[in-house]
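Predicted, not measured: the structure shown is a model, and the values here were computed from it. Start at 1 with the first residue, then count along the sequence.
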Amino acid sequence: VFSTVLALGFPKSYDRARMFLDAHETDWITADYGNEMTGYDFVEFLKTWIRKSGNEKWSLAEIWLAQKHKQAQMAQVFVSHIQSQTLEATMRHVPHDVPAWLDYLILRQCRSDFRP
C-alpha cells in the first residue's frame with residue numbers, strides 16, 4: 001500500500017491548506033486532528049487524483065485493474081482502521097510485500113456511499 005501511496009505522490013504533492021482553499025471549504029481536518037497527515041487527507045488527495053484522471057465513477061483499484069497496473073492484485077490481508085490515524089499507523093502491522101484490502105483504494109471516493 002505504501003508503494004501505491006508514494007507512486008500517486010502522497011503526501012509530498014498534497015497541500016491540505018491549498019485543497020481546502022481551492023474547494024472554498026473550511027479546514028476541518030486541522031481543527032479536529034492537528035497538522036499530522038490523516039486518512040482524511042489521503043481521501044481528499046485520492047479524490048483530486050481520481051478527478052484529474054477523469055475516472056470519477058471508479059475506485060483507484062478499479063482504475064488500476066482496468067489499466068493492468070502491477071499494484072492491482074488480489075488482497076491477502078483486510079485492513080481495518082479509523083480515518084483519523086496516519087497511514088503509517090493504519091499499516092504498521094501489515095508487511096510491505098503483502099497485498100492488502102484497504103478501503104481508501106477500494107471505495108469509489110468520488111461517489112456517495114449512501115446513494116443507491
Closest heavy-atom contact between [X] and [Y]?
| X | Y | result |
| --- | --- | --- |
| T30 | N35 | CG2-OD1, 3.4 Å |
| Y14 | M19 | OH-CE, 3.6 Å |
| F45 | S13 | CE1-OG, 3.5 Å |
| S53 | I63 | OG-CD1, 4.2 Å |
| E56 | C110 | O-CB, 3.4 Å |
| R16 | G34 | NH1-O, 2.8 Å |

Side chain to side chain contact (heavy atoms under 4.5 Å, CB included) partners of I106, counting only residues at least two apart: A61, W101
Partner set under side chain to side chain contact (heavy atoms under 4.5 Å, CB included) for R108, not counting sequence neighbours: W58, S59, E62, R111
Would you say that T26 contacts F20 through its side chain, given a criterion of any heavy-atom pair below 4.5 Å between the two side chains? no
Side chain to side chain, D103 and H81, heavy atoms closer than 4.5 Å: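 They are in side-chain contact.
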Under 3.5 Å donor-acceptor, E36 side chain and Y33 backbone: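 No; judged by distance alone, with no hydrogens or angles, the pair does not exist.
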Backbone N or O of Y104 within a donor-acceptor pair of the Q109 side chain at under 3.5 Å? yes
Assess whether ring pair (Phe, Tyr, Trp, His ring centres under 6.0 Å) is satisfied between W49 and F10, documenting all intermediate values. CA-CA 10 Å; W49 188 93; F10 185 84; over 10 Å; no
Under a 4.5 Å side-chain heavy-atom rule over Ile, Leu, Val, Met, Phe, Trp and Tyr, are [X] and [Y] clustered together?
| X | Y | answer |
| --- | --- | --- |
| L87 | V98 | yes |
| F78 | L60 | no |
| L107 | L8 | no |

Output, in order, the C-alpha distance, side-chain angles, deciding distance and verdict of side-chain contact (heavy atoms from CB on, under 4.5 Å) for V79 and H93. CA-CA 9 Å; V79 180; H93 299 292; over 6 Å; no
Apply the test side-chain contact (heavy atoms from CB on, under 4.5 Å) to residues V43 and T38: give CA-CA distance (whole Å), side-chain angles for both, the deciding distance (0.1 Å), then the verdict. CA-CA 9 Å; V43 167; T38 67; over 6 Å; no
At what distance, to the nearest 0.5 angstrom, does NZ of K57 lie from CD1 of I50? 14.5 Å
Which value, rounded to the nearest 0.5 Å, describes the distance between R51 atom CZ and L46 atom CG? 11.0 Å
Dump the intermediate steps for side-chain contact (heavy atoms from CB on, under 4.5 Å) on Q83 and T90, then the final yes or no. CA-CA 9 Å; Q83 282 186 266; T90 296; over 6 Å; no
With side-chain contact (heavy atoms from CB on, under 4.5 Å) as the criterion, how do R92 and E88 come out once you've worked through the C-alpha distance, each side chain's angles and the decisive distance to 0.1 Å? CA-CA 6 Å; R92 121 178 82 220; E88 292 82 4; over 6 Å; no
